[in-house]
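Worksheet: the structure to be examined is printed underneath.
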Amino acid sequence: MSNYFNTLPLREQLEQLGKCRFMDASEFEDGVDALKGKKIVIVGCGAQGLNQGLNMRDSGLDISYALRQVAIDQKRDSFKNATSNDFNVGTYDELIPTADVVLNLTPDKQHTNVVKAVMPLMKKGATLSYSHGFNIVEEGTKIREDITVIMVAPKCPGTEVREEYKRGFGVPTLTAVHPENDPEGKGWAQAKAYAAATGGHRAGVLESSFIAEVKSDLMGEQTILCGLLQTGAILSFDKMVEEGIEPGYAAKLIQFGWETITEALKHGGITNMMDRLSNPAKIKAFELSEELKDIMRPLFEKHMDDIISGHFSKTMMEDWANDDVNLLKWRAATGETAFEKTPLTSDHITEQEYFDHGVLLVAFVKSGVELAFETMVSAGIIEDSAYYESLHELPLIANTIARKKLFEMNRVISDTAEYGCYLFDHACKPLLTDFMKTVNTDIIGKPFSKTTGVDNIELIAVNDAIRNHPIETVGQRLRAAMTAMKVIKTEEVKEADSVLA
Ligand SMILES: NC(=O)C1=CN([C@@H]2O[C@H](COP(=O)(O)OP(=O)(O)OC[C@H]3O[C@@H](n4cnc5c(N)ncnc54)[C@H](OP(=O)(O)O)[C@@H]3O)[C@@H](O)[C@H]2O)C=CC1
Ligand SMILES: CC(=O)[C@](C)(O)C(=O)O
Ligand SMILES: [Mg+2]
Ligand SMILES: [Mg+2]
């Protein structure tokens, strides 16, 4: 096996990286019809497996789960997830031979094993689906010629795939058909029906490619989505405590702060998030963000370069072969951070206070979203895809932190995302050492209090710069199609409700 992307000639690499067509709502008029009555078997019942399956069943499809014999015998979490939700569960031998569509929703590092075990059992002309193309693109796995290979990749953690569906919305989804495996020409119709069954069409579906999905997905998760939230959380917490802010307050400001701030981002982009600050604070957040972009740009570019060249996947696969020694070590270290271990204050922090006391968090979000977007676009990823993979997904990751800090985020995201998140975090923290020396409680922990006035000319220039960033133009267009987007009940709102009750 070898890296599939690296075997392609440059013009084909560029063509695949740039494959992205926003699908019109009218293209989903047939709903889930192309999969209705088909036997759909999901391999693995974890973050994506369980939650996609629940949505697809609610959309009227026939879902069952194939698990390893040991998982059934030992009644592992995967078995409990499936049976406690009344799904039919069986072994590969029992379920795969009659399946029309097999969804491989096991961790990426298991894909080679799983595909090796499942493929010989699949009936002629069946379909194999992925939610991340790592196995096809980075490992170069070849699938039997009669099998159709598709991808339906929700741009979001598994738990939030379910939450958004229950709210009557969905998450943006990238679909693809592997050009080497579409023998009957049915791949696109099935991918479209699958995306509709998960609710993706209510948020936005892109006709993409395995390559564009893999290279953009890895980039988003390593940098803005998970990496920077981890770095920003740890550095901001440590700084506040060092400056004498009560630790329980500092922990809460961050745990719910990311969620509250990015909820504003999701509805109205960076412009709306920045508009939540007072004018003096907005100017400050803008300046901080420009500074952060200068400092972090080389790191974002390094991640993109390593993802495109295959260096990242090669080194991660070395860790897979080494019993995940690095991943497990880094996971344990995250559990030991002071932020993770500090219990939250029971004092209520109001929604507006998360902005007013969190100017630095706003600056981290703005700088990271723009950098991730700019870096992906300059590498050949189309803007729509880069928007979903940075700005739109960020609140969905922040929701997981609001539940149980970084531990919950790292539990829910894929092992692949988690590995890349730690890589970024370890490189980013030292880069920000000097910057953090300049930070005080004015921008994190206490309200920003500039006593001098605002220069109108400067304010106009700052507002222009915020609104005219290309991500804001794309965002306005894509959000216009998200007519079913819901306001979520943030932890802050739930807490305020319980205080009143
Ligand atoms: N996590 C996320 O939110 C996202 C994930 N993805 C992609 O979705 C796919 C699934 O990831 P994710 O949901 O995180 O995975 P999880 O780690 O949550 O789930 C893995 C499931 O697969 C089973 N499993 C593990 N090893 C094997 C094996 N060798 N053979 C068969 N089953 C196995 C596990 O069950 P048991 O060990 O009990 O057998 C478990 O039910 C990946 O391709 C990932 O990149 C895409 C978008 C987001
Ligand atoms: C949640 C998601 O989309 C990720 C970050 O890509 C993943 O978990 O791999
Ligand atoms: Mg992703
Ligand atoms: Mg991923």
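Ligands are counted one by one from 1 in listed order, and the atoms in each one are counted from 1 as well. We use all heavy atoms of the structure for the numbers below, so side chains are in, but hydrogens, waters and symmetry mates are not.
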Within the 4.0 Å heavy-atom shell around Arg76, which atoms of ligand 1 are there? 37 (O), 38 (O)
Without hydrogens or angle criteria, can the side chains of Glu418 and Tyr422 be said to hold a donor-acceptor pair below 3.5 Å? yes
Suppose we measure from atom 3 (O) of ligand 2 to each protein heavy atom; which comes out shortest, and what is that distance? Glu393 OE2, 2.9 Å
What residue and heavy atom of the protein are closest to atom 46 (C) of ligand 1, and at what distance? Ser131 O, 3.6 Å
Ligand 2 versus Ile413, non-hydrogen atoms closer than 4.0 Å: side chain, backbone, both, neither? both
Is a donor on one side and an acceptor on the other found under 3.5 Å between the side chain of Glu408 and the backbone of Ile401? no
Please report whether ligand 2 has a polar contact with Lys155, defined as an N or O pair separated by less than 3.5 Å (distance criterion only). no
Any idea which protein heavy atom is nearest atom 32 (N) of ligand 1, and the distance to it? Thr106 CG2, 3.3 Å
Which of the atoms in ligand 1, numbered in the order shown and given with their element, are less than 4.0 Å from a heavy-atom of His111? 43 (O)
Does the pair Arg403/Glu160 count as a salt bridge with the N-to-O cut at 4.0 Å? yes
When you compare the side chains of Glu318 and Asn322, does any donor N or O come within less than 3.5 Å of an acceptor on the partner? no
Examine Gln110 against ligand 1 and note whether any of their N/O atoms are separated by less than 3.5 Å. yes
Is a side-chain donor-acceptor pair under 3.5 Å present for Gln52 with Tyr194? yes
Mark up the atoms of ligand 2 that fall under 4.0 Å of a heavy atom belonging to Ser414, in ascending order. 7 (C), 8 (O), 9 (O)
So, Glu374 and His469: side-chain donor and acceptor under 3.5 Å apart, yes or no? yes
Between Arg202 and Tyr165, is NZ or CZ placed under 6.0 angstrom from the six-membered ring centre and within 45° of the ring axis? yes
Taking the ring of His111 and the ring of Tyr130, is the distance between their centroids below 6.0 Å? yes
Among protein heavy atoms, which lies nearest atom 31 (C) of ligand 1, and at what distance? Tyr92 OH, 2.9 Å
For atom 17 (O) of ligand 1, grab the closest protein heavy atom and report residue, atom and distance to one decimal in Å. Pro107 CG, 3.6 Å
Short N/O distance, under 3.5 Å, between Asp415 and ligand 1? no
From the Mg ion (ligand 3) out to just under 2.8 Å, does an N/O/S atom of Glu389 turn up? no
closest protein heavy atom to atom 37 (O) of ligand 1 is Arg68 NH2, 2.8 Å
Distance from atom 45 (O) of ligand 1 to nearest protein heavy atom, with residue and atom: Asp108 OD2, 2.7 Å
Tell me the protein heavy atom at minimum distance from atom 18 (O) of ligand 1, and give that distance in Å. Ala47 N, 2.8 Å
If you scan protein heavy atoms around atom 8 (O) of ligand 1, the nearest is Gln48 CG, 3.5 Å
Quick check on contacts: which atoms of ligand 2 are under 4.0 angstrom from a heavy atom of Glu221? 4 (C), 5 (C), 6 (O), 7 (C), 9 (O)
